[in-house]
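Since the structure comes first, as structure tokens, the remarks are kept for the end.
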Protein chains: 2
Amino acid sequence: MLSKKCKYAIHALVYLAEKYQQGPVHISEIAQKKHIPKKFLEAILLELRKSKVLLSKKGKGGGYYLHQKPSDVNLMDIIRIMDGAIALLPCVSLNYYEKCDECRNEKSCGIRDSFIQVRDKTLSILGGSTLDKILKYEKSMASK
Amino acid sequence: MLSKKCKYAIHALVYLAEKYQQGPVHISEIAQKKHIPKKFLEAILLELRKSKVLLSKKGKGGGYYLHQKPSDVNLMDIIRIMDGAIALLPCVSLNYYEKCDECRNEKSCGIRDSFIQVRDKTLSILGGSTLDKILKYEKSMASK
DNA sequence: TTATAAATCTATTAATTCTATAGATATTAA
DNA sequence: TTAATATCTATAGAATTAATAGATTTATAA
């Protein structure tokens, strides 16, 4: 399961993709529209800014906005920033690998093999899920 | 990420699949061979017994053993028993569904769509990963 | 120059979950 | 009757998650 923090981050980013190139958006606006606790969202957006996903402008008329085009931001990257590993086992993670105590010979571990498959499929789907595709999907479904 | 409890459960079950039809196996033996804290493993095996995955025999010469053939036990079922939902979002889970506060119209949510794909691929891979296949894989790799 | 509105930073906390352990009890086989 | 085993109840420390509070900094506009 993704953490709430991560889920909030995704929703906030989809909202900012909708407002892409329309100037900075207030935290309060996002919090209200997406039903996210404001103070919590504050910390989330700050984290996304530090990871170069967002840019911000302080002071009056300030707010947050996307650093890149919506087509350059995907769910895989967001989840890794907010929650860390995507793989279901540490010994199978590409970015957050940790050795497993249970098996001596990693290569012959039949458990790993299944989770490597899950990891690769998941990365492929999430890596292809960009903010613009998510928006397009929502607009195509809204008319139905 | 799977919990350690779940990972321990999988390793223990693979071990019991190896000893299938060779009588009950002691907790201590599994704990030692798989490097799992004994008392923790105790709770895990008890949970698997209550879920009908294992059977047990008390007293001298007792222990735990598989209730079904190794080909009838798969990772999907084990993970659901130990950790609950497999889906990455509650609003996309088949067995542990929960409504999402962030989106009004679930059907038109572009985020859900991606996670439904991840869920289905994951279930398909894990559902097909049975204990006997895991064992076969290990034996085929051990000779290399 | 000043007032205001916004992000930023530091700290804290409540709740929950995870991981693990301790000790008493029940059961079975020899 | 004894020893070996699972079973049950309770507990607890650690880590993580989710959320809040309040002070500070920065930028804009009047």
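Chain letters run A, B, ... following the sequence lines, proteins first and then strands; every chain starts at 1.
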Pair up each side-chain donor or acceptor in residues 78-95 of chain B with any protein partner under 3.5 Å, not counting sequence neighbours, and list the distances.
residue	atom	partner	partner atom	Å
B/Asp83	OD1	B/Ser3	OG	2.6
B/Asp83	OD2	B/Ser3	N	2.8
B/Asp83	OD2	B/Ser3	OG	3.4
B/Ser93	OG	B/Asn95	N	3.4
B/Ser93	OG	B/Tyr96	N	2.8

With a 6.0 Å cut-off (strictly less than), is the heavy-atom count around NZ of A/Lys121, excluding the residue itself, greater than 12?
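Atom NZ in A/Lys121 is not packed in, count stays at 12 or less.
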Are there over 12 heavy-atom neighbours, none belonging to A/Lys99, within less than 6.0 Å of that residue's NZ?
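Result for NZ/A/Lys99: enclosed.
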List, one per line, each side-chain donor-acceptor pair under 3.5 Å for residues 44-52 of chain A, sequence neighbours excluded.
residue	atom	partner	partner atom	Å
A/Glu47	OE1	A/Lys5	NZ	3.3
A/Ser51	OG	A/Glu47	O	3.0

When the distance from [atom1] of [X] to [atom2] of [N] is rounded to whole Å, what number comes out?
X: B/Ile44; N: D/dA6; atom1: CD1; atom2: C1'; answer: 15 Å
X: B/Leu46; N: C/dT19; atom1: CG; atom2: P; answer: 18 Å
X: A/Glu42; N: C/dA5; atom1: CD; atom2: P; answer: 16 Å
X: B/Tyr96; N: C/dT17; atom1: OH; atom2: P; answer: 14 Å
X: B/Ile27; N: C/dT21; atom1: CD1; atom2: C1'; answer: 14 Å
X: A/Leu48; N: C/dA7; atom1: CG; atom2: P; answer: 14 Å
X: B/Glu47; N: D/dC8; atom1: CD; atom2: C1'; answer: 14 Å
X: B/Met82; N: C/dC18; atom1: CE; atom2: C1'; answer: 12 Å

Taking B/Leu135 as the starting point, is it possible to reach A/Ile116 by hopping between hydrophobic residues whose side chains are less than 4.5 Å apart?
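Linked, A/Ile116 and B/Leu135 end up in one cluster.
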Readout for nucleotides 12-20 of chain D: B = base within 4.0 Å of protein heavy atom, S = sugar-phosphate only, - = neither; 5' to 3' it is ------SSB
For nucleotides 25-30 of chain D, 5' to 3', base contacts (B), sugar-phosphate-only contacts (S) and non-contacts (-) with protein non-hydrogen atoms under 4.0 Å give BBBB--
What pairs of residues pass the side chain to side chain donor-acceptor pair (under 3.5 Å) test when at least one of them lies in residues 18-32 of chain B, not counting sequence neighbours?
B/Tyr15-B/Glu29
Please tabulate, one pair per line, each protein N/O and nucleotide N/O from nucleotides 11-15 of chain C that are separated by under 3.5 Å, including the distance.
none

Return yes if some donor-acceptor pair links the side-chain N/O of B/Lys133 with the main-chain N/O of B/Gly128 below 3.5 Å, else return no.
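Between the backbone of B/Gly128 and the side chain of B/Lys133 there is a qualifying donor-acceptor contact (under 3.5 Å).
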Could you work out the complete set of other residues in the hydrophobic cluster of A/Leu55, with links drawn between I, L, V, M, F, W and Y side chains under 4.5 Å apart?
A/Tyr65
Pairs involving residues 84-96 of chain A, ordered by first then second residue, that meet salt bridge (Lys or Arg N to Asp or Glu O under 4.0 Å) (sequence neighbours left out)
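Sorted pair list comes back empty.
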Hey, where does DNA chain C pair up into stems, meaning at least three consecutive Watson-Crick or G-U pairs with distances under 3.5 Å?
C:1-30 with D:1-30
Does any part of the side chain of B/Thr130, heavy atoms only, come nearer than 4.5 Å to the side chain of B/Val73, both counted from C-beta?
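A side-chain contact is absent here, since even the closest heavy-atom pair is not under 4.5 Å.
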Are A/Cys100 and B/Lys7 close enough that some pair of their side-chain heavy atoms sits under 4.5 Å apart?
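SC-SC contact between A/Cys100 and B/Lys7 confirmed.
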Of all residues at least two apart in sequence or in a different chain, which pass the salt bridge (charged side-chain N to carboxylate O under 4.0 Å, His left out) check with A/Lys39?
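Counting only residues at least two positions away or on another chain, A/Lys39 forms a salt bridge (charged side-chain N to carboxylate O under 4.0 Å, His left out) with A/Glu42.
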Of all residues at least two apart in sequence or in a different chain, which pass the salt bridge (charged side-chain N to carboxylate O under 4.0 Å, His left out) check with B/Asp132?
B/Lys136
What is the nucleic acid contact for A/Leu45, judged by heavy atoms within less than 4.0 Å: base, sugar-phosphate only, or nothing?
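Counting heavy atoms under 4.0 Å across all strands, no contact is made by A/Leu45.
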Not counting sequence neighbours, list each pair that qualifies as a ring-ring contact (aromatic ring centres under 6.0 Å, His included) and has a residue in residues 31-54 of chain A.
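Every ring-ring contact (aromatic ring centres under 6.0 Å, His included) pair that includes a residue of residues 31-54 of chain A, provided the two are not neighbours, is A/Tyr8-A/Phe40.
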